[in-house]
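Sharing a structure, written as structure tokens. Questions coming.
Hydrogens, waters and symmetry mates are skipped; everything else that's a heavy atom, side chains included, is used.
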Amino acid sequence: LVVEGLAQASREVGVSEVLEALAAIGTTGIVDGSLLEIVVFKLAWDLDDLDADVRANSASALVTAVAHKAISSSLRGVVVYRLARALQDRDSDVRAASGAALGNTIVIKEIGSDMRAVILERLAQALDDRNFNVRRRSAEALGNVYSAAEVPDRLREVIVNKTMHALKDRDGRVREVSAMALAKMGSSDVGMDTYRKIVNILTERALDDRVYQVREASTLGLGMLGPIRGGLDFVIVGKLRQAFTDTHITVRSASIRALAAIGVNGTHADRVDESIVETLLVGLTDRGGGVGDSTSRESGVREAAVAALAEFGSVWIGNSLHAAIVEKLALALRDESFFVREASAAALSKIGSSGTAIGDGLRGVIAEKLVQGLKEAPCQFACREALESLGAANMVQLGVREVIVQELAFVLLNGSGVDPTLRKLIVLALSRIGDVASTGSCFFETIVTKLTQALNDADHYVVEASVDALVRLNATLDLKMREHIAEKWIQAFNACERDRRRAPLQPFPDVWTLSKLSAILPISSSNLAVIVGKLAHALLDRDGFLLSGSTPAIALNHIGVRGVSDGLRENILITLARALSEKGTPVRWQSAQAIWQTSSIGAISSRVRQFVCKKLVRTFNDRSELVRLHAARALGKIGSTSEVHRGLRADMAKVLMRNLDDPHAGVRQTTVAALEDIGSVLPLERGLREAIVEELSRLCYDRDRGVRERSVQALGRI
């Protein structure tokens, strides 16, 4: 019953989904793995069912099932045998689905040569089937089999001839698939006479067939033949150039792609290269005239030409041809089609980054063309992305990279009328280019200087991106640069305070900027003290004009976990402790977390320690479990330090023990961990340790399993 139900599901929703579900169940041990193969065998057995729909659906399900990784080779042989027999079924849907399943390359590679020969013979016979779908599926399968596995010599000529005959089929869909199948056969190891026959019939159909899909497939097939043999370079290229004059957009696009494939993969004469490039350059001027289908864009041919030139220009074809390609692609940056402009900029960047294929002089020309496009509205974004890729390429010489950096920085800092999104993306480009630089290089210092200047920008998105970029480059920033950044940040914050007095509702430039800039450490104690003061002012700003949320607490946390002076650390802790009574819940729990994470908390003075603990104790009545949880962590860390007075430690332990009845399991579990830290301190008053042990023993019977496990671990440690 299970197998029958799964087989039915395979026919209805597809065998892949059923097999994946069974595999997931099988990993749990509920179902044995052999059930997967039983289902597939059931589908193969159903190929003899009396109901034609069952046979057809089973064959369709086996299209993917026969190549599934869970199927053993022995079962696959049985399934393939039954599919080969189903090629002679009286129902055309069964025959078509069987042909599609047998065309799977995974299946063909694993079966024996004798069975492969039988399949090839059956598929070749199916090319004469009265149903067009059977002929189409069989032609496609023959192309896959012929190109993927070894074909017996006695069948090579027969299969090619049958497929060539199918290219003259009365149904255009059969001819379309047959053209691609012949191209796959021609790209494999066929004799020269057979190769010439394939080329001749493909060129004939590429130019003369009445169905444009057949002309398109034949044209693409000529480009799939690989390195041209037998001196047929001029013949094929000439026919493809004729196909470029076709009335249908997709055929012209196909001719462009085929020419590019021949030009990149071939080993032909320079005259052929010139002929190909000439046609591709003409393709840049195509206006989309003629016929097109629903998926065709008016700019489709130009897009194909740009992509082809990008591939062709990335290999060595001579300086003159490269120069012509660059010049035409630069003109295409002003094309009316967005897609053409995007592709042209990417193509120029790809050619410029192509290593030894072009010289340094031409690479500089490419950078110059992209810089010009950066200043023109239609292609600014595309040129920005291309300049980023080109500037970050390792083979670009220093002079070209410096020009790119200078031009990008100029638009960033002087483009008041430029789209803010573009300027933000320019910041990201400068950051990526800076990644490939070494500290001390002139253009790296230029990048950091320009990014630092951008911190005073009026657009907060630009400020945010600049901060991100500077933090990203932190590992390579020297002390002088970090000090310069810190001073710029202080100036930006002071300007923000002045603006708040004039326009209180004006938001601060990016709420995350503070935490990001605080990561640019270490810096001088004077600048660090000023930054901490500004952050403290923002954190405790009750009017909410300077900054909303917990950002200052996060920033102070970044600073507190670094190695700072004891005096500055105490100021940070006092500020965070005061923030525990703020209204915003994120501010309170981030402040409690920052106190817990602050390094060397035991080295602070007893006065500050008592103040912080007093504030933490009050938070145990907070309505937020996150605040209570982090407060318990912080008290446990403070209480476990040897510098804490015994009386203060006892008070902290009593507060934590009262908190063991918190309704939230996570808070109770964290409190247990805090008491574990305090209870493990040596020396510790006997009465206090016994009280902690008694409370933890009670928690071993808590309703939450995590709390019980944590309590047992704590008792173990104590």
Self-check item: Exercise: identify the closest heavy-atom pair between Glu342 and Ala382
Solution: OE2-CB, 3.6 Å

Exercise. Taking only Lys NZ, Arg NE, NH1 and NH2, and the carboxylate oxygens of Asp or Glu, determine whether Lys614 and Asp651 approach each other closer than 4.0 Å.
Key: no

Quiz prompt | salt bridge (charged side-chain N to carboxylate O under 4.0 Å, His left out) assessment of Arg633 paired with Asp677 | solution = CA-CA 10 Å; Arg633 282 179 169 178; Asp677 292 336; over 6 Å; no

Quiz item: Got a salt bridge between Glu388 and Arg384, using NZ or NE/NH1/NH2 to carboxylate O under 4.0 Å?
Solution: yes

Quiz item: Checking side-chain contact (heavy atoms from CB on, under 4.5 Å) against Ile426, which of Val462, Leu387, Leu408 comes through?
Solution: Leu408

Practice problem: Report the relative orientation of the aromatic rings in Trp596 and His630; use parallel for angles under 30°, tilted for 30 to 60°, perpendicular for over 60°. | Solution: tilted

Quiz prompt | Donor-acceptor contact present, side-chain Ser680 to main-chain Glu676, <3.5 Å | solution = yes

Quiz item: In this structure, which one of Asp622, Asn621, Thr671, Asp662 forms a side-chain hydrogen bond (donor to acceptor under 3.5 Å, both in side chains) with Arg628?
Solution: Asp662

Quiz item: Which heavy atom of Leu616 sits nearest a heavy atom of Ala634, and at what distance?
Solution: CD1-CB, 3.7 Å

Practice problem: Determine, step by step, whether Asp661 and Arg698 satisfy the salt bridge (charged side-chain N to carboxylate O under 4.0 Å, His left out) criterion, reporting the C-alpha distance in whole Å, the side-chain angles of both residues, the deciding distance to 0.1 Å, and the verdict. | Solution: CA-CA 11 Å; Asp661 295 324; Arg698 179 175 64 86; 3.3 Å; yes

Quiz item: Donor-acceptor pair, Arg341 side chain versus Pro378 backbone, under 3.5 Å?
Solution: yes

Exercise. May I have the step-by-step check of side chain to side chain contact (heavy atoms under 4.5 Å, CB included) for Ser581 and Arg618, ending in yes or no?
Key: CA-CA 9 Å; Ser581 58; Arg618 291 181 179 177; over 6 Å; no

Quiz item: Per the side-chain contact (heavy atoms from CB on, under 4.5 Å) rule, which among Val627, Val667, Leu635 passes with Phe620?
Solution: Leu635

Quiz item: Stepwise, does the side chain to side chain contact (heavy atoms under 4.5 Å, CB included) test hold for Arg588 with Thr619?
Solution: CA-CA 9 Å; Arg588 298 197 304 276; Thr619 61; over 6 Å; no

Exercise. Using a strict cut-off of less than 4.0 Å between a Lys/Arg side-chain nitrogen and an Asp/Glu carboxylate oxygen, indicate whether Asp704 and Arg668 qualify as a salt bridge.
Key: no

Quiz item: Do other residues, nucleotides or ligands put more than 12 heavy atoms under 6.0 Å from the CZ atom of Arg717?
Solution: yes

Quiz item: Yes or no on side chain to side chain contact (heavy atoms under 4.5 Å, CB included) for Ser606 and Arg609, after CA distance, side-chain angles and deciding distance?
Solution: CA-CA 5 Å; Ser606 58; Arg609 190 180 299 113; 4.0 Å; yes

Exercise. Tell me, yes or no, whether the heavy-atom count around Glu402 atom CD, taken from other residues, nucleotides or ligands under 6.0 Å, exceeds 12.
Key: yes

